[in-house]
**Student:** 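Supplied in structure tokens, the structure appears directly below.
Everything numeric here is computed off the predicted structure, so don't read it as measured data.
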Amino acid sequence: MREHEVARFESAGDVRTVSVVEGVSGPSALVAYGEEEHGLRVLFSPAAVPGLLRAVGETGHPSLADYLADEKNALIDLMDLCDARDVAYTFVGVGPASGVQCRPAM
């Protein structure tokens, strides 16, 4: 599963924030995560979105959706890009053997 909508909506005091999700399965997931299926989620605060979009634009992709639609770019690549550009995000990993891992934005 790959979900990559970047948006912020406010209505009646409710706020929906941005998330990016990627599922990995198969032999590579077994090598990398020790399980055949693993989910990765990256959450961006609304304040981080401009930096995220600027960083993605610097790669030559016009949008986050375009960046993630490029088969050579995985979610881990997006995280590396954000780390290099000081764009804060929260990382969450989920797997049947590993459970839930969370690294909050700094």
Side-chain angles (χ1 to χ4, degrees):
M1 169 177 52
R2 289 183 92 173
E3 175 186 323
H4 45 71
E5 183 176 358
V6 178
R8 174 190 165 96
F9 302 97
E10 292 185 46
S11 177
D14 292 332
V15 177
R16 287 186 287 149
T17 57
V18 178
S19 68
V20 176
V21 178
E22 178 176 78
V24 181
S25 62
S28 295
L30 190 57
V31 170
Y33 304 106
E35 50 202 9
E36 291 185 13
E37 289 185 18
H38 194 80
L40 307 168
R41 179 176 295 241
V42 179
L43 305 168
F44 296 91
S45 72
V49 171
L52 166 65
L53 298 178
R54 193 169 30 259
V56 167
E58 291 172 2
T59 68
H61 292 86
S63 68
L64 179 59
D66 184 70
Y67 178 87
L68 292 173
D70 186 336
E71 188 174 357
K72 70 179 182 186
N73 295 323
L75 198 57
I76 192 78
D77 299 309
L78 180 64
M79 291 169 24
D80 288 345
L81 177 65
C82 289
D83 290 341
R85 303 297 192 292
D86 292 322
V87 176
Y89 61 89
T90 295
F91 165 77
V92 178
V94 180
S98 60
V100 177
Q101 309 86 46
C102 180
R103 186 186 75 191
M106 299 296 206

**Student:** Locate the shortest heavy-atom distance separating Ser63 from Val56; write the atom from each residue and the value.
**Tutor:** O-CG1, 3.5 Å

**Student:** Grouping I, L, V, M, F, W and Y whenever their side-chain heavy atoms are under 4.5 Å apart, do Phe44 and Ile76 come out in a common cluster?
**Tutor:**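 Same hydrophobic cluster.
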
**Student:** Might you point out which heavy atoms bring Cys102 and Thr90 nearest each other, and give the distance in Å?
**Tutor:**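 Minimum heavy-atom separation between Cys102 and Thr90: SG-CG2, 3.9 Å.
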
**Student:** Specify the closest pair of heavy atoms between Ala105 and Ala88, including all atoms of both residues, with the distance to one decimal.
**Tutor:**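 Nearest pair, atom of Ala105 first, then Ala88: CB-CB, 4.1 Å.
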
**Student:** Would you say the side-chain atoms of Glu71 pair up with the backbone N or O of Ala69, donor to acceptor, closer than 3.5 Å?
**Tutor:**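 Answer holds: no.
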
**Student:** Which heavy atom of Gly95 sits nearest a heavy atom of Glu35, and at what distance?
**Tutor:** CA-OE2, 3.1 Å

**Student:** Going hydrophobic residue to hydrophobic residue with side-chain gaps under 4.5 angstrom, can you get from Phe91 over to Leu64?
**Tutor:**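 They do share one cluster, since a chain of ILVMFWY contacts under 4.5 Å joins Phe91 to Leu64.
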
**Student:** By salt bridge (charged side-chain N to carboxylate O under 4.0 Å, His left out), which residues pair with Glu37, not counting sequence neighbours?
**Tutor:**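 For Glu37, no residue satisfies salt bridge (charged side-chain N to carboxylate O under 4.0 Å, His left out) once neighbours in sequence are set aside.
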
**Student:** Using modelled atom types only, decide if a donor and an acceptor are shared between the side chain of Ser25 and the backbone of Glu36 within a distance under 3.5 Å.
**Tutor:**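 Side chain of Ser25 to backbone of Glu36: no pair is present.
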
**Student:** Which residue, Pro104, Cys82, Ser45, forms the side-chain contact (heavy atoms from CB on, under 4.5 Å) with Tyr89?
**Tutor:** Cys82

**Student:** Measuring only between side-chain heavy atoms, which start at C-beta, is Leu52 closer than 4.5 Å to Leu78?
**Tutor:** yes

**Student:** Is Leu81 close to Val87 at the side-chain level, that is, under 4.5 Å between some pair of heavy atoms?
**Tutor:** no

**Student:** For Tyr67, does its backbone N or O pair with a side-chain atom of Asp70 as donor and acceptor, under 3.5 Å?
**Tutor:**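 Pair absent, no side-chain N/O of Asp70 close to backbone of Tyr67.
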
**Student:** Could you check whether any side-chain heavy atom of Met79 comes within less than 4.5 Å of a side-chain heavy atom of Val42, counting everything from C-beta outward?
**Tutor:** yes

**Student:** Can you establish whether the number of heavy atoms outside Arg85 located under 6.0 Å from its atom CZ is more than 12?
**Tutor:** yes

**Student:** Would you compute the distance between atom CG of Leu40 and atom CD of Gln101 and round it to the nearest 0.5 angstrom?
**Tutor:**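 The CD atom of Gln101 is 8.5 Å from CG of Leu40, to the nearest 0.5 Å.
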
**Student:** Answer whether the closest heavy-atom distance between the side chains of His61 and Asn73 falls below 4.5 Å.
**Tutor:** yes

